[in-house]
Amino acid sequence: MTMFNTFIVQPIFNVLTLIYALLPGHNFGIAIIIFTILVRLALWPLVKKQLHSTKKMRELQPELKKIKQMTKGDRAKESELTMALYKEREVNPFSSLGLLFLQLPILLALYAGISKIVNDPQSIVTFSYPFVQNLPGMQELAADISKLDFTLFGVVDLSSKAYSNGTIVWGAMALVLASAFVQYLTSKQLMVTDKNAKSLRQIMKQSSTGEQADQAEVSAAVSRMMVYFIPAMIFFISVGLAAALSLYWLTSGLVAYFQQKKVLGQDKVEL
């Protein structure tokens with residue numbers, strides 16, 4: 001945990017506090033928005049690569065179905081031919097995991113850093129690097145921590161939880177709901193529409209009668225369910241966390257939506 005704090009949490013925390021210290025007006029909510037936009041821009045090459053990889057995977061679906069029909073239930077042969085096809089077309093089916101592995105430490109580090117400030121506001125100074133502490137904005141906080149503006153535009157207290165002890169804090173709840181909705185939009189944006197697609201319930205019902213399930217249909221059905229499951233998961237997780245995390249999720253989702261829209265707009269066939 002000490003290594004995680006030293007090499008992940010503290011550097012990310014200091015990028016955020018540096019933005020806060022340099023920002024005119026020193027508003028923590030605006031600092032989170034700028035920080036999130038910078039993170040998404042830094043990840044853009046990987047995001048674009050993932051989108052193209054997703055496109056290639058979907059283009060291969062007819063050939064994958066042919067392989068399934070050819071192998072007639074021989075799982076080992078099916079796997080061998082599938083991997084050979086991926087190699088031939090230079091497709092990495094696990095490319096999306098790279099983006100997840102990069103974003104998860106950032107989210108955990110942000111959660112740890114924000115928790116420090118919520119529990120001890122003075123840590124915004126003490127946990128910062130010396131060169132950040134020496135900035136005028138941070139020296140002002142060191143002299144009087146009550147000047148810390150841990151809000152979004154002075155309206156939403158970012159240290160508050162959307163729901164706590166039977167009470168709803170509506171400003172924080174608005175961020176939670178908005179972040180879940182934006183996640184739904186970004187997921188739906190990437191979903192392929194197929195009027196003839198079977199639901200997971202239909203596939204399971206057919207399987208119960210002895211009919212072999214098509215793995216491609218199962219994967220597609222699960223993907224459609226995830227469009228609703230992930231936003232719901234974000235809602236139930238973030239409703240009990242500081243609103244600052246919801247602001248990060250909301251901003252990240254909005255930037256992701258427009259990044260995906262940009263790629264889709266460049267090529268109508270994309271995805």
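Just so it is clear, the structure is predicted and the values come from calculations on it, not from any experiment. As a basis for the values below, the full set of heavy atoms in this structure was taken, side chains included, without hydrogen atoms, waters or symmetry mates.
By the side chain to side chain donor-acceptor pair (under 3.5 Å) test, Asn14 is found to be paired with no residue, residues two or more places apart in sequence or in another chain being considered. Contacts of Ser123 classified as side chain to side chain donor-acceptor pair (under 3.5 Å), with partners at least two apart in sequence or in another chain: none. Thr17 is linked by a side chain to side chain donor-acceptor pair (under 3.5 Å) to Ser128, counting only residues two or more places apart in sequence or in another chain. Every residue two or more places apart in sequence or in another chain that forms a side chain to side chain donor-acceptor pair (under 3.5 Å) with Ser146 is listed here: Asp144. Not a single ring pair (Phe, Tyr, Trp, His ring centres under 6.0 Å) links Phe35 to another residue, sequence neighbours left out. Partners of Phe127 by ring pair (Phe, Tyr, Trp, His ring centres under 6.0 Å), not counting sequence neighbours, listed by chain and number: Phe13.
Using a 4.5 Å cut-off on side-chain heavy atoms (C-beta onward), Val118 and Phe150 make contact. Side-chain contact between Leu158 and Ile114 is absent, with no heavy-atom pair separated by less than 4.5 Å. Using a 4.5 Å cut-off on side-chain heavy atoms (C-beta onward), Leu107 and Leu245 make contact. Within the 4.5 Å cutoff, the side chain of Leu148 has heavy atoms near those of the Ile117 side chain. Taking 4.5 Å as the limit, every side-chain heavy atom of Ser252 sits out of range of all side-chain heavy atoms of Val39. For the pair Val15 and Leu38, the minimum side-chain heavy-atom distance is 4.5 Å or more. Looking only at side-chain heavy atoms (C-beta outward), Val169 and Met173 stay at 4.5 Å or farther from each other. Side-chain contact between Gln133 and Val125 is present, with heavy atoms from C-beta onward closer than 4.5 Å.
Val132 and Leu22 fall within the same hydrophobic cluster, defined by Ile, Leu, Val, Met, Phe, Trp and Tyr side-chain heavy atoms under 4.5 Å apart, directly or through other members. In terms of hydrophobic clustering, with Ile, Leu, Val, Met, Phe, Trp and Tyr side chains grouped at heavy-atom distances under 4.5 Å, Val239 and Tyr184 are assigned to different clusters. Hydrophobic clustering (ILVMFWY, side-chain heavy atoms < 4.5 Å, transitive): Val155 and Ile34 are in one cluster. In this structure, Val176 is not a member of the same hydrophobic cluster as Val182, with clusters built from ILVMFWY side-chain heavy atoms closer than 4.5 Å. In the hydrophobic clustering of this structure, Ile168 does not group with Leu241; members are Ile, Leu, Val, Met, Phe, Trp, Tyr whose side-chain heavy atoms approach within less than 4.5 Å, directly or through other members.
Annotation: salt bridge (charged side-chain N to carboxylate O under 4.0 Å, His left out) contacts involving residues 119-140, sequence neighbours excluded, comprise Glu140-Lys147. For residues 235-260, no residue pair satisfies the ring pair (Phe, Tyr, Trp, His ring centres under 6.0 Å) rule, not counting sequence neighbours. Within the structure, salt bridge (charged side-chain N to carboxylate O under 4.0 Å, His left out) contacts touching residues 121-139 (residues at least two apart or in different chains) do not occur. The side-chain hydrogen bond (donor to acceptor under 3.5 Å, both in side chains) contacts involving residues 20-36 comprise Asn27-Asp149, Asn27-Thr151, where partners must be two or more places apart or lie in separate chains. Within the structure, every pair that satisfies the side-chain hydrogen bond (donor to acceptor under 3.5 Å, both in side chains) test and touches residues 158-168, not counting sequence neighbours, is listed here: Asp157-Ser159. Listed by first and then second residue, the side-chain hydrogen bond (donor to acceptor under 3.5 Å, both in side chains) pairs involving residues 232-246 amount to none (not counting sequence neighbours).
The minimum heavy-atom distance linking Ile234 with Ser179 is given by the pair CG2-OG, 4.1 Å. Closest approach of Ala109 and Ile8 over heavy atoms only: CB-CG2, 3.8 Å. Between Ile106 and Ile12 the shortest heavy-atom distance is CA-CD1, 3.8 Å.
The line from CG of Leu135 to CG of Leu141 is 11.0 Å long, rounded to the nearest 0.5 Å. The distance from the NZ atom of Lys188 to the CG atom of Leu185 is 9.5 Å, given to the nearest 0.5 Å. Expressed to the nearest 0.5 Å, how far CG of Leu23 lies from CG of Leu18 amounts to 10.5 Å. With rounding to the nearest 0.5 Å, the separation of CE in Met138 from CZ in Phe131 is 10.5 Å.
Although no hydrogens or angles enter the test, the distance criterion places a donor-acceptor pair under 3.5 Å between the side chain of Gln259 and the main chain of Arg40.
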Problem - Candidate pair Phe181 and Leu250, rule side chain to side chain contact (heavy atoms under 4.5 Å, CB included), full reasoning - result: CA-CA 9 Å; Phe181 179 67; Leu250 172 59; over 6 Å; no
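A donor-acceptor contact under 3.5 angstrom links the side chains of Ser187 and Gln183, judged on distance only.
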